[in-house]
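Data block below; observations after.
Note that the numbering runs from 1 along the sequence shown for the chain. Everything quoted here is computed from the prediction, not taken from an experiment.
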Amino acid sequence: MQKREDDILEEIRNWERILAEDNRSDFSRTVDKWSDLMISEMPETLRERFFAKYDSYLLHLHSFIQSSQTHQDTKRPILLYAKTLNPNINHIHDLQTLTIDQLHYIADIQTSKHRLYSFFQGGLTSLGGLSLASLDIPSQVVINLRAVQMIAMCYGFETNNPFEMMTSLKVYYASLLPNHLKYEQWLLLKDDLNMHKGDTPYFYDGVESVADNSVIEFLVKQIIKLSFIMFFKRKLTKGIPVLGAAIGAGCNYQMTKKVTEFAHNYYRYRLLMNSSGEANE
C-alpha cells in the first residue's frame, strides 16, 4: 500500500510542477494584461464592495446547496456503493477507511455527471436568447461548486462545518484560475494543511475572504466566451447554431474538468498528508 501511496504522491507532484510553469499563449497574456489594466482603473471601494458581495454570494450558495434535498439524497448512493467495498461504512467520514484509489473511483463516477451537466448546459446557452445566456455563469457556479462538494464528500470530508466549508470554497475558487495563479492558491492550501498538521478543526481560523482581482478577470473571460457564443449563434447549420453550441459545450466541459481535477488532487493530497502525519514535502 505504501508503494501505491508514494506513486500517487509523485503523480500529484508532477501535476504541481505543471501548474508552476507559465505556459500561457501570447493571446492569453494579451487578455490578462488587458484585464489587469481594466481592473486597475476600477475604484478600490467599488472593487472591495464587489469582492464582499461575491464572497457573500458564494457562502449563501454553498449553504443552500448543502441544505437542499438533492444534496442529502446524493449521500445515499455514495454510502451504498462504499458499503459494497467495506460493509462497516455507515457515515461519510467512514469512507476514509477505503484506499485512495477506491475513493478516487467513487468520486469520479459522481463528478462525471457534473461534467455532462456542464456540457449540455453550455450547449443550451447558444440555443436560447439573452435570457439563457445570462444564466450561463450562475449555472456554472452551481455545477462546479457542487462538484467540489461532491468530491470532498467522496473522500470522507463533510462540508457542513465552517472549516470544511471555507476549504471547499477556496478549492473551488483556486480551480477556476489559470495555471500560474492556480499554483499560488495551491501553495496557500498546502500551507493550511501544514498549519493544522493533519488535524481537522471545526472552525476556520485563516483568511475567510475568497475573492480578489482574479475573480474579475475570470468573469471578464466568461463574458468574452459568451460574446463568441452569441456571435457564432448566427452561423446556422440546418437552422441549428452548431458552432456556437460546440463552443459553449466545449468551454463549460473543460472548465468543469479542470475544477474536478484540482479538487481530486487536493483531497487526495490531504488524505495522504493525514495518513503520513505530514503536510509538507
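Salt bridge annotation for Glu16-Lys190: present, with a cationic side-chain nitrogen under 4.0 angstrom from a carboxylate oxygen. Taking 4.0 Å as the cut-off between side-chain N and carboxylate O, Asp108 and Arg115 count as a salt-bridged pair. Between Glu164 and Arg270 there is a salt bridge, since at least one side-chain N of the basic residue sits less than 4.0 Å from a carboxylate O of the acidic one.
Considering every non-hydrogen atom in both Leu103 and Cys154, the closest pair reads CD2-O, 3.3 Å. Between Leu95 and Ala82 the shortest heavy-atom distance is CD2-CB, 3.2 Å. Closest approach of Leu19 to Tyr183, counting heavy atoms only: O-CB, 3.7 Å. In plain terms, the two heavy atoms of Thr167 and Tyr267 that are nearest each other are CG2-OH, 4.3 Å. In plain terms, the two heavy atoms of Thr74 and Arg146 that are nearest each other are OG1-NH2, 2.8 Å.
Here the side chain of Ser275 pairs a donor or acceptor atom with the backbone of Leu271 at under 3.5 angstrom. The backbone N or O of Ala52 sits nowhere less than 3.5 Å from a side-chain atom of Asp55 that would complete a donor-acceptor pair. Looking at Thr260, its side chain does come within 3.5 Å of a backbone N or O of Lys257 through a donor-acceptor pair.
Within 6.0 Å of atom CZ in Phe218, more than 12 heavy atoms from other residues, nucleotides or ligands are found, so the atom counts as buried in its surroundings. Within 6.0 Å of atom CZ in Arg17, more than 12 heavy atoms from other residues, nucleotides or ligands are found, so the atom counts as buried in its surroundings. Heavy-atom contacts from other residues, nucleotides or ligands closer than 6.0 Å to NZ of Lys53 number 12 or fewer. By the neighbour-count criterion of 12 heavy atoms within 6.0 Å, atom CZ of Phe119 is sparsely surrounded, having that number or fewer from other residues, nucleotides or ligands. Residue Tyr105 qualifies as open at atom OH: its count of foreign heavy atoms under 6.0 Å is 12 or below.
The closest side-chain heavy-atom distance from Lys75 to Ile78 is not below 4.5 Å. At a threshold of 4.5 Å between non-hydrogen side-chain atoms, the residues Met166 and Leu59 count as touching.
Ring pair His91/His93 is parallel by interplanar angle, where below 30° counts as parallel and above 60° as perpendicular.
Taking the six-membered ring for Trp and the full ring otherwise, the centers of Trp15 and Tyr269 sit at least 6.0 Å from each other.
There is no side-chain donor-acceptor pair under 3.5 Å between Asn86 and Asp94.
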